[in-house]
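Remarks on the structure that follows.
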Protein chains: 2
Amino acid sequence: MITLTEENYLKTILVLSMEKGYVPVHVLSQELNVKMPTANSMMKRLADKELVYFEPYKPIRLTEKGKTEAALILRRHRLTETFLFERMGLGWEHVHSIAEQIEHIQSGLFFDRMDEMLNFPETDPHGEPIPTKEGVILPSSRTRLSNHKEGETVCFTAVNDSSEEFLRFLNNKNLKLGTAIKIESIEPYDGSLTVSYDDRQEILSKMVADKMLVT
Amino acid sequence: MITLTEENYLKTILVLSMEKGYVPVHVLSQELNVKMPTANSMMKRLADKELVYFEPYKPIRLTEKGKTEAALILRRHRLTETFLFERMGLGWEHVHSIAEQIEHIQSGLFFDRMDEMLNFPETDPHGEPIPTKEGVILPSSRTRLSNHKEGETVCFTAVNDSSEEFLRFLNNKNLKLGTAIKIESIEPYDGSLTVSYDDRQEILSKMVADKMLVT
DNA sequence: ATAATAGATTAGATTAATCTAACAATAGAA
DNA sequence: TTCTATTGTTAGATTAATCTAATCTATTAT
């Protein structure tokens, strides 16, 4: 049996290790708002349960079993966020903290029904992939806008930052998911991009281009 | 701060004390599937927090504060049950255990939205009253069918037992909420009733008539 | 190369929620 | 009224999840 708290650790490790494949203890503890010894002793527990690999003074890695468990929690989280947003009309700014709680509900039926009502979505409204029922996270084949070259045309499909401010910024520029964006030029000094879309031209800072995911 | 477990105790005390106004420790512990000493020490905690009145060897009573808190938990429970049933199409047999978990979600917004989507219902689909946002339980003015006399005509508005078997039984007899029932006669020996409704006549045992609430 | 700093671990304490075993009180029956 | 069975309480232990204080390891800068 995995406790609610253990679930939170697993999900956080998964999200934090998406890039590098592992997480140092202090990063995990910071993210979860607990002190390092707390995270440390929890890692021993999760290692006993064969959910993580953990050796003294080395960073944390999920085992296959741990990865699957974590993906299923992430699935419930994103499914719930999508449901709260699309079927209950709650604002994005509220959706996350409620989903953090609902993701721990023990009921396959409940989440299956959500899935059904949402027509088995593959991504959440932010474009983040929803892991499958088997606990597999399909690679979203998305890259950062800032990773592309001059002359390329890409499709804006997701964001990296769900803060209200950022979403408002995108709204102001009329940058919607699905918009085709052409990179006209890149400023070598600060990495800012001149882009065109919908018959308009804008300059986006590197900070912004880092947060925009495209295909 | 009231913990999740404390919430479960409060809600259970409220439900169990609906009739008599108080609950003995052993009844509470049985209902919650914990041993008596566990319930006992929890009562000390709740008494410290001024949520219950509790003196050694005397039964438990809720304080006003405790009653309000408990009613708000019951509100969330019944609102959730109604939502799962009416808006998500889940069966009654599944709805209770999921609502037991969701009732503890910390988010006024979430429950307000449910309330709104359900058009501010006053009772759940079983006819049980949903306490108000202020934590007031409006008396439902319902009585047991078995408390009525020969010749009376009453409206069947709620049940006392949500078991699948009982609901199936009612279904078989075509006894739906809202049905007008006339009591033709009462058998003095075993208390069974001869009733008529929808142009048919049936005999209901006392056991059944105890579980049917009417106005 | 060594000292300073950042990061990780150990030891020991705390609180919530539970248990078992042993003891105490109350109420109903003889 | 006294005994016995039911109900309630105390004491002490356990597990999960957290903390602080002290210590250890590793990396980085001089």
Side-chain angles (χ1 to χ4, degrees), chain A residues 1-14 16-17 19-62 66 69-70 73 100-101 103-106, chain B residues 1-14 16-17 19-62 66 69-70 73 100-101 103-106:
Chain A
M1 193 69 274
I2 301 179
T3 68
L4 185 147
T5 313
E6 285 167 355
E7 285 197 348
N8 281 330
Y9 279 86
L10 285 175
K11 190 190 65 176
T12 306
I13 296 168
L14 176 67
L16 290 176
S17 64
E19 289 157 18
K20 303 207 163 187
Y22 60 82
V23 194
V25 176
H26 78 277
V27 172
L28 178 63
S29 71
Q30 228 158 45
E31 187 69 18
L32 286 163
N33 294 309
V34 298
K35 302 295 173 185
M36 265 200 283
T38 308
N40 183 274
S41 56
M42 182 57 90
M43 286 315 100
K44 289 178 183 171
R45 281 235 311 272
L46 294 185
D48 278 350
K49 295 190 175 185
E50 303 190 330
L51 294 163
V52 301
Y53 298 113
F54 185 59
E55 288 168 274
Y57 298 102
K58 295 209 171 140
I60 305 147
R61 282 174 307 121
L62 289 169
E69 284 298 337
I73 302 159
E100 289 268 281
Q101 302 176 68
E103 70 193 16
H104 304 291
I105 301 290
Q106 309 251 289
Chain B
M1 195 66 275
I2 301 178
T3 69
L4 185 148
T5 313
E6 286 167 354
E7 285 197 349
N8 281 330
Y9 278 85
L10 285 176
K11 191 190 62 175
T12 305
I13 296 167
L14 176 67
L16 291 175
S17 65
E19 289 156 19
K20 303 206 163 188
Y22 59 83
V23 194
V25 177
H26 78 277
V27 173
L28 179 62
S29 71
Q30 228 157 46
E31 187 69 19
L32 286 164
N33 294 308
V34 296
K35 302 294 173 187
M36 264 200 284
T38 309
N40 183 274
S41 56
M42 181 58 91
M43 287 314 101
K44 289 179 183 169
R45 279 238 309 274
L46 294 184
D48 278 349
K49 294 190 176 187
E50 303 190 332
L51 293 163
V52 301
Y53 299 113
F54 185 58
E55 286 168 276
Y57 298 99
K58 296 211 172 139
I60 305 148
R61 284 175 304 122
L62 288 168
E69 284 297 337
I73 301 158
E100 288 268 279
Q101 302 176 66
E103 71 195 15
H104 304 291
I105 300 289
Q106 309 252 287

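Note: hydrogens, waters and symmetry copies are ignored here, and every other heavy atom, side chains too, is used. Within every chain, numbering begins at 1; the chains are lettered A, B, ... in the order of the sequence lines, protein sequences first and strands thereafter.
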Seminar exercise, completed: For B/Tyr9 and B/Ala39 the tightest heavy-atom approach is CE2-CA, 4.0 Å
For this session: Over all heavy atoms of both residues, which pair between A/Leu28 and A/Val23 is shortest? Give the atoms and the distance, please.
Result: N-CG1, 4.1 Å
Spacing between [X] atom [atom1] and [N] atom [atom2], to the nearest angstrom:
| X | N | atom1 | atom2 | result |
| --- | --- | --- | --- | --- |
| A/Leu4 | D/dT18 | CG | P | 10 Å |
| A/Ile2 | D/dT15 | CD1 | P | 20 Å |
| A/Lys44 | C/dT9 | NZ | C1' | 7 Å |
| B/Lys58 | D/dT9 | NZ | P | 12 Å |
| B/Asn40 | C/dC23 | CG | C1' | 13 Å |
| B/Glu55 | D/dG8 | CD | P | 14 Å |
| B/Lys49 | C/dA16 | NZ | P | 7 Å |
| A/Met43 | C/dA8 | CE | C1' | 13 Å |

Exercise. Going from CG on A/Leu51 to CD1 on A/Ile13, what distance comes out if it is rounded to the nearest 0.5 angstrom?
Worked result: 9.0 Å
Exercise. Quick one: CD on B/Glu103 to CD on B/Gln101, what's the gap to the nearest 0.5 Å?
Worked result: 9.0 Å
Residue [X], side-chain atoms from C-beta onward, closest of [options]:
| X | options | answer |
| --- | --- | --- |
| A/His26 | C/dT9, C/dA8, D/dT9 | C/dA8 |
| B/Pro37 | C/dA8, C/dT20, D/dG8 | C/dT20 |
| A/Tyr57 | C/dT18, C/dT9, D/dT7 | C/dT9 |
| B/Val25 | C/dT18, D/dG8, C/dG7 | D/dG8 |
| B/Pro24 | C/dT18, D/dG8, C/dA8 | D/dG8 |

Exercise. Taking OP1 and OP2 of D/dA16, is either one under 4.0 Å from a side-chain nitrogen or oxygen of A/Thr3?
Worked result: no
Exercise. Looking at A/Glu6, A/Glu7, A/Glu69, which one forms a salt bridge (Lys or Arg N to Asp or Glu O under 4.0 Å) with A/Lys49?
Worked result: A/Glu6
Seminar exercise, completed: Assign each of A/Ser41 and B/Met36 the nucleotide of DNA chain D bearing its closest heavy atom; nearer the 5' end lies the nucleotide of B/Met36
Problem set entry | Toward the 5' end of DNA chain D, by each residue's nearest nucleotide, A/Met42 or A/Pro56 |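 So the residue in question is A/Met42.
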Exercise. How would you label the contact of B/Thr38 with the nucleic acid (heavy atoms, under 4.0 Å): base, sugar-phosphate, or nothing?
Worked result: base
